[in-house]
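Each remark here refers to the structure printed beneath this line.
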Amino acid sequence: IRASGKVRYTNEGKPALIIGVSFDITDHKNLQQQKDDFISIASHELKTPVTSIKAYTQVLERMLKQKGDEREAAMIAKMDAQVNRLTSLIGDLLDVTKINSGKLQFNDRVFAFNELVAEVIEELQRTTEKHVLINNVNYTGTVHADRDRIAQVITNLISNAIKYSPLPGNIIVSSISTENEVQLCVQDFGVGIPADKQELVFEQFYRVSGDKQHTFPGLGLGLYISSEILKRENGRIWVNSVEGKGSTFCFALPASPVTQA
Ligand code: ADP
């Protein structure tokens, strides 16, 4: 039951009138639970066959390369890339069910922030002809957080910058550090986000609708997951964007500026 109400008092301060409303939200909660359960079961069930397809495509690609069948090997490599996309979509759905049930695990440790940024950029640069330019990522301190989860956040922001910008679509990654935090910003010159939608993009399943935005594939989960990860790591995430001009997504994490020798 969700209830709210107001009390009117007499001049002597005694309650004279109580007005209240109560809603039975049991149905709403059940529906929410059913939705969460469905996403959880479906994503678990999808994971097994996709993992198996992934293993076979890799074996096939290797076999074809060994035989010198370059054209067929290239086709299998494309298939493998699509399987990776599927794996990542299923991974996002699984993460959401874990977030909703409070079961997203974190394994925090100390790591060099810059090295992680460089690693992620290198990996993503291999998947796109757009240029991911590194500008001023020269922070030498460390961060205490879950390295894989922070990699996931950086990957989300750069992948979005790539996805939502037309060619040539340069992307600029830069960082600023203060005494106790490090900030990383990813700037693109793509479609941008209307001002009234900028807060909403961090919500679960939210996707900006409109002519320019609807053609891009996605589930609307990456930024929600990223903001939940940053919440758990005592960080924050925000966006500055101008529709039609581009967006800059930034996040901040608590950090120690001095690296141990
Ligand atoms: P997805 O990209 O899968 O839809 P996200 O949670 O990553 O999900 O992003 C939510 C929405 O925010 C996107 O659907 C898109 O409308 C908008 N968005 C995110 N990043 C950008 C960007 N760099 N440029 C323009 N729009 C963006």
Side-chain angles (χ1 to χ4, degrees), residues 28 31-47 50 81-101 104 120 124 127-130 132 149-173 184-232 235-252:
H28 174 75
L31 214 62
Q32 183 69 28
Q33 187 61 47
Q34 277 176 21
K35 189 195 88 187
D36 288 350
D37 289 350
F38 171 74
I39 296 173
S40 171
I41 293 164
S43 44
H44 272 107
E45 287 300 316
L46 288 168
K47 201 178 163 184
V50 171
Q82 294 302 319
V83 174
N84 287 346
R85 271 194 55 201
L86 205 52
T87 309
S88 141
L89 289 172
I90 295 167
D92 279 356
L93 286 170
L94 283 169
D95 281 349
V96 165
T97 50
K98 285 182 201 152
I99 290 168
N100 290 348
S101 58
L104 194 69
V120 173
L124 288 174
T127 66
T128 175
E129 50 188 308
K130 293 169 187 169
V132 186
R149 291 288 174 200
I150 300 303
Q152 189 178 354
V153 173
I154 303 169
T155 305
N156 271 335
L157 298 189
I158 301 179
S159 310
N160 277 350
I162 295 172
K163 179 162 76 174
Y164 295 102
S165 350
L167 284 164
N170 286 343
I171 288 130
I172 302 172
V173 181
L184 191 84
C185 292
V186 178
Q187 183 180 13
D188 67 58
F189 305 91
V191 295
I193 304 166
D196 60 331
K197 305 285 173 2
Q198 289 175 18
E199 279 307 308
L200 300 171
V201 295
F202 300 102
E203 287 179 10
Q204 203 179 137
F205 294 114
Y206 184 83
R207 308 200 71 219
V208 177
S209 56
D211 299 349
K212 293 211 180 93
Q213 292 260 5
H214 81 274
T215 47
F216 303 98
L219 289 175
L221 291 177
L223 290 177
Y224 169 70
I225 296 169
S226 298
S227 72
E228 288 295 313
I229 290 173
L230 287 163
K231 247 187 237 164
R232 284 281 300 268
R236 57 208 156 81
I237 186 166
W238 66 96
V239 61
N240 284 307
S241 182
V242 178
E243 197 178 2
K245 293 254 189 290
S247 313
T248 305
F249 277 88
C250 301
F251 72 86

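Everything numeric here is computed off the predicted structure, so don't read it as measured data. Atoms considered below: every heavy atom in the structure, side chains included; atoms not considered: hydrogens, waters and symmetry mates.
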Notebook entry, point to check: When rounded to the nearest 0.5 angstrom, what distance separates CZ in Phe205 from CG in Leu221?
Noted result: 4.5 Å
Notebook entry, point to check: Do Tyr224 and Asp92 come close enough that some side-chain heavy atom pair is under 4.5 Å?
Noted result: no
Notebook entry, point to check: What distance do Asp95 atom CG and Ile90 atom CD1 have between them, rounded to the nearest 0.5 Å?
Noted result: 12.0 Å
Notebook entry, point to check: Under 4.5 Å between any side-chain heavy atoms of Phe249 and Asn160, yes or no?
Noted result: no
Item checked: Between Gln152 and Asn156: side-chain donor-acceptor atoms closer than 3.5 Å -> no
Margin query: As an exercise, state the distance from CD1 of Ile150 to OG1 of Thr155, rounded to the nearest 0.5 Å.
Written below: 11.0 Å
Check: Does a side-chain heavy-atom distance below 4.5 Å link Leu124 with Lys130?
Finding: no
Check: Taking C-beta and beyond as the side chain, do Val96 and Asn100 meet within less than 4.5 Å on heavy atoms?
Finding: yes
Item checked: Minimum heavy-atom distance between Val239 and Phe202, given as atom pair plus value -> CG1-CE1, 4.0 Å
Next item on the list: For Leu167 and Glu129, work out which heavy atoms get closest and say how close.
Entry: CD2-CG, 4.0 Å
Item checked: Asp36 side chain to Thr97 backbone, donor-acceptor under 3.5 Å -> no
Checklist line | Ser241 side chain to Gly246 backbone, donor-acceptor under 3.5 Å | finding: yes
Notebook entry, point to check: Taking all atoms of both residues into account, what is the closest heavy-atom pair of Tyr206 and Lys197, and its distance?
Noted result: OH-CD, 2.7 Å
Check: Would you say Lys47 has more than 12 foreign heavy atoms packed within less than 6.0 Å of its NZ?
Finding: no
Note to self: On a heavy-atom basis, which atom in Leu230 and which in Ala252 lie closest, and how many Å separate them?
What the structure shows: CD2-O, 4.1 Å
Check: Yes or no on side-chain contact (heavy atoms from CB on, under 4.5 Å) for Val186 and Phe251, after CA distance, side-chain angles and deciding distance?
Finding: CA-CA 9 Å; Val186 178; Phe251 72 86; over 6 Å; no
Checklist line | Ile99 vs Gln204 side-chain heavy atoms within contact, under 4.5 Å | finding: no
Check: Does Ser88 use its side chain to pair, donor to acceptor, with the backbone of Asn84 at less than 3.5 Å?
Finding: no
Next item on the list: Measure the spacing between OG of Ser226 and NZ of Lys231 and express it to the nearest 0.5 Å.
Entry: 12.0 Å
Check: How about Lys245: does its NZ atom have over 12 heavy atoms from other parts shown lying under 6.0 Å from it?
Finding: no
Check: So do the side chains of Val173 and Leu184 get within less than 4.5 Å of each other, counting heavy atoms only?
Finding: yes
Notebook entry, point to check: Taking C-beta and beyond as the side chain, do Leu104 and Glu228 meet within less than 4.5 Å on heavy atoms?
Noted result: no
Item checked: Asp188 to Ser165 - nearest heavy-atom pair and separation -> CB-OG, 3.7 Å
Note to self: I need the Leu94 CG to Lys98 NZ distance, nearest 0.5 Å.
What the structure shows: 5.5 Å
Next item on the list: Mind listing the closest non-hydrogen atom pair of Tyr164 and Pro217 along with its distance?
Entry: OH-O, 4.4 Å
Next item on the list: Report the distance from atom CG of Asn240 to atom CD of Gln198, rounding to the nearest 0.5 Å.
Entry: 7.0 Å
Next item on the list: Would you indicate whether the side-chain heavy atoms of Leu157 and Ile237 approach each other to under 4.5 Å?
Entry: yes
